[in-house]
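What follows is a set of notes on a single structure, which appears directly below.
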Amino acid sequence: MTNRWKSIGLAALLAGLTLSASYAEAAGVLTIGRREDSTTFDPIKTAQNIDNWVFSNVYDVLIRVDKTGTKLEPGLAESWTTSDDGLTYTFKVRDAKFSDGSPLTAEDAAYSLLRIRDDAASLWSDSYKVIDTAVATDARTLTIKLKNQSAPFLSTLALPNASVISKKGMESLGADAYGEKPIASGAFVVEEWRRGDRVILKKNPNFWQADRVKLDGVEWISVPDDNTRMLNVQAGELDTAIFVPFSRVEELKKDPNLNVDIDASTREDHLLINHAHGALGKKEVRQALDLAIDKKAIVDTVTFGQGTVANSYIPKDALYYYADNLQRPYDPEKAKELLAAAGASDLTLNYLVRAGDEVDEQTAVLVQQQLQKAGITANLQKVDPSQEWDMIVAGDYDVSVNYWTNDILDPDQKTTFVLGHDSNNNYSTNYKNEAVKELVAKARLELDPKKREQMYVDLQKMAKDDVNWIDLYYSPYINVSRKNIENFYQNPLGRFFLEDTVKN
């Protein structure tokens, strides 16, 4: 999912002024610098990494993805069985408690799944409509019956947005209050949320794996400016920072006080296109845009070689990735021909750019220059990070660079969200193709691995032909930490295993 910004405009200044006042100077409290503030702690109401990466350690899920990012493992469900017809799943819920000391039961798990399926505010309902019933047959037994067989079902239970929440807590506090200060089922509790500044977490003594947790607490601190955030780590004002700019990697590696961690990821950067805006609704125009952008030049110039050119919405090395998918060559002259044939030779675009994001700004300038060679004018509109995502959702853009990291092992989640349904206007692109939509639904039901793989190969071909968006590049996670920090690790799906992190 995406990682977009909800921090206030003064967040960089506030972070710089308040870092020294942090209670995280205490031993055992880890400080993490990030660009942006959280938006909510209500799992069903967000599709953003800025939220999920924090509450993955505040909440727990029935089934987890392991550290390698390749296998499912028990979470709050210590075991499960599947009926012969593949329609009924029975989960044994472990003996666990919420952070307020109340028992965590199968009824809470059932409530959480039905809420993500049915609540009008849920961004993820489509992925859970396959659930017919979810019933607690006793305090430790959850029985789920599906409407039909579903290949990705177990993987969807590992989605952070399907985290187990307290039914009693949600019903008594209400969604707004719970989303501000939730009752935790994971390793940490939200102690305080200072909007636009930081989220302060403390260890949850009632977590079922509390003995595993080494830290006393964690502070996620918003420092929107990339260079400021790196300087804070170098000066010892932050223990760690995420989203290291590609341009700073080699310099930071030379600092004897730092570790630069380059972890495998499922990140794919792409150029969103608003199909609802004029000529962008024509496939030939979008194909011309694809031809007019030199992805290799972006990889070399912007990522300093850390990235690789992307040719599919499914990331490299992920399940059913089609390595031989079409990769249009850089051909501005061919782009001109397509634009002329489509009656769009004078194409002018509003290109939305996140101010302060070094990579985003560099990419924008490079793409602007490349498009100009094809006769396309791209007007760069730099906006505060706190505005950018809302503008995309509102459709107030023509093109804008965005990125996605997978949240589950199965490709169904991303495929559904960006190609297969209309509730979010296909990731705010307004992309519409009924044949694609139907195939997305069929692929979810197909249990034969070979047949299912072919469906996803076809979907990758169809998306590329339509240019639902323009695939740019794949890249690793790059984070930096002080030498006294151990086990600061992010798996390919983006989850930080802070329950294993040590601050010496």
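Residue indices begin at 1 and follow the sequence shown. The figures that follow rest on heavy atoms only: side chains count, while hydrogens, waters and symmetry mates do not.
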Practice problem: Could you go through the side chain to side chain contact (heavy atoms under 4.5 Å, CB included) check for Phe488 and Leu30 one step at a time? | Solution: CA-CA 10 Å; Phe488 184 65; Leu30 181 76; 4.2 Å; yes
Quiz item: Passes side chain to side chain contact (heavy atoms under 4.5 Å, CB included), Ile221 versus Ile32? Steps please.
Solution: CA-CA 6 Å; Ile221 301 173; Ile32 306 173; over 6 Å; no
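- Note on ring orientation: taking the six-membered ring where Trp is involved, the planes of Tyr489 and Phe497 are tilted (angle from 30° to 60°).
- Taking the six-membered ring for Trp and thresholds of 30 and 60 degrees, Trp53 and Phe243 have nearly parallel ring planes, at less than 30 degrees apart.
- Looking at Ser312 and Tyr322, their side chains never come closer than 4.5 Å, going by heavy atoms from C-beta outward.
- For the pair Lys203 and Phe188, the cation-pi criterion (under 6.0 Å, within 45° of the ring axis) is not fulfilled.
- The neighbour count for Asp176 CG, taken as heavy atoms of other residues, nucleotides or ligands under 6.0 Å away, does not exceed 12.
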Quiz prompt | Lys45/Asp119 under salt bridge (Lys or Arg N to Asp or Glu O under 4.0 Å): CA gap, chis, key distance, verdict | solution = CA-CA 10 Å; Lys45 293 182 179 180; Asp119 195 293; over 6 Å; no
Quiz prompt | Residue pair Asn406, Gln413: steps toward the side-chain hydrogen bond (donor to acceptor under 3.5 Å, both in side chains) verdict | solution = CA-CA 8 Å; Asn406 287 357; Gln413 179 215 18; over 6 Å; no
Quiz item: Where do Gln48 and Asn52 land on the side-chain hydrogen bond (donor to acceptor under 3.5 Å, both in side chains) test, with the steps shown first?
Solution: CA-CA 6 Å; Gln48 302 187 55; Asn52 283 29; over 6 Å; no
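- For Asp66 and Arg495, the salt-bridge test fails: no basic side-chain N is under 4.0 Å from an acidic carboxylate O.
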Quiz item: What's the verdict on side chain to side chain contact (heavy atoms under 4.5 Å, CB included) for Leu72 and Leu409, showing C-alpha distance, side-chain angles and the deciding distance?
Solution: CA-CA 8 Å; Leu72 296 175; Leu409 299 180; 4.0 Å; yes
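- Aromatic ring pairs are classed by plane angle as parallel below 30°, tilted from 30° to 60° and perpendicular above 60°; the pair Phe417 and Trp404 is tilted.
- Dense packing is recorded around NZ of Lys214, with more than 12 heavy atoms of other residues, nucleotides or ligands lying under 6.0 Å away.
- Of the possible polar contacts, none joining the Thr90 side chain to the Leu142 backbone as a donor-acceptor pair under 3.5 Å is found.
- For Thr141 (side chain) and Asp138 (main-chain N/O), no donor-acceptor pair under 3.5 Å exists by modelled atom type.
- The pair Asp216-Lys202 fails the salt-bridge criterion, with no side-chain N (NZ, NE, NH1 or NH2) lying under 4.0 Å from an Asp/Glu carboxylate O.
- Of the possible polar contacts, none joining the Arg115 side chain to the Lys167 backbone as a donor-acceptor pair under 3.5 Å is found.
- Classification of the Trp80-Phe91 ring pair by plane angle, with boundaries at 30° and 60°, yields tilted.
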Self-check item: Pair Arg195-Asp197, salt bridge (Lys or Arg N to Asp or Glu O under 4.0 Å): steps then yes or no
Solution: CA-CA 5 Å; Arg195 290 273 189 173; Asp197 180 12; over 6 Å; no
Exercise. Take Asp37 and Trp193, measure what side-chain hydrogen bond (donor to acceptor under 3.5 Å, both in side chains) needs, and give me the verdict at the end.
Key: CA-CA 9 Å; Asp37 189 19; Trp193 180 7; 3.1 Å; yes
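- When each of Asp360, Leu271, Leu352 is tested with Ser400 by the rule side-chain contact (heavy atoms from CB on, under 4.5 Å), just one qualifies, namely Leu352.
- Atom CG in Asp466 sits 8.0 Å away from atom NE2 in His275 (nearest 0.5 Å).
- A 6.0 Å sphere centred on NZ of Lys168 holds no more than 12 heavy atoms belonging to other residues, nucleotides or ligands.
- If you take CG on Asp211 and CD on Glu499, they are separated by 13.0 Å, rounding to the nearest 0.5 Å.
- At most 12 heavy atoms of other shown residues, nucleotides or ligands fall within 6.0 angstrom of atom CD in Glu107.
- For Lys442, the NZ atom sits in a loose shell: 12 or fewer heavy atoms of surrounding residues, nucleotides or ligands are nearer than 6.0 Å.
- Within 6.0 Å of NZ on Lys147 lie more than 12 heavy atoms contributed by other residues, nucleotides or ligands.
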Exercise. Go through the steps for Thr105 and Asp108 under the test side-chain hydrogen bond (donor to acceptor under 3.5 Å, both in side chains), then give the verdict.
Key: CA-CA 5 Å; Thr105 69; Asp108 295 298; 3.1 Å; yes
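- Taking the charged nitrogens against the carboxylate oxygens, Arg452 and Asp410 do have a contact shorter than 4.0 Å, which makes a salt bridge.
- To the nearest 0.5 Å, atom CG of residue Asn259 and atom CG of residue Leu252 are 11.0 Å apart.
- In terms of the ring-ring contact (aromatic ring centres under 6.0 Å, His included) criterion, Phe207 has no residue partners (sequence neighbours excluded).
- Between Lys414 and Glu268 there is a salt bridge, since at least one side-chain N of the basic residue sits less than 4.0 Å from a carboxylate O of the acidic one.
- Aromatic ring centres of Tyr321 and Tyr456: separated by at least 6.0 Å.
- A salt bridge is absent between Glu453 and Lys451; no separation between the charged side-chain nitrogens and carboxylate oxygens falls under 4.0 Å.
- Under a cutoff of 6.0 Å and an axis angle of 45°, Arg198 and Trp220 do not form a cation-pi pair.
- Each of Thr501, Asn484, Thr31, Asn232 was scored for a side chain to side chain donor-acceptor pair (under 3.5 Å) with Asp239, with one residue passing: Thr31.
- Rounding to the nearest 0.5 Å places CD of Glu434 at 12.5 Å from CG of Leu439.
- The aromatic rings of Tyr89 and Phe153 are tilted relative to each other, their planes meeting at an angle between 30° and 60°.
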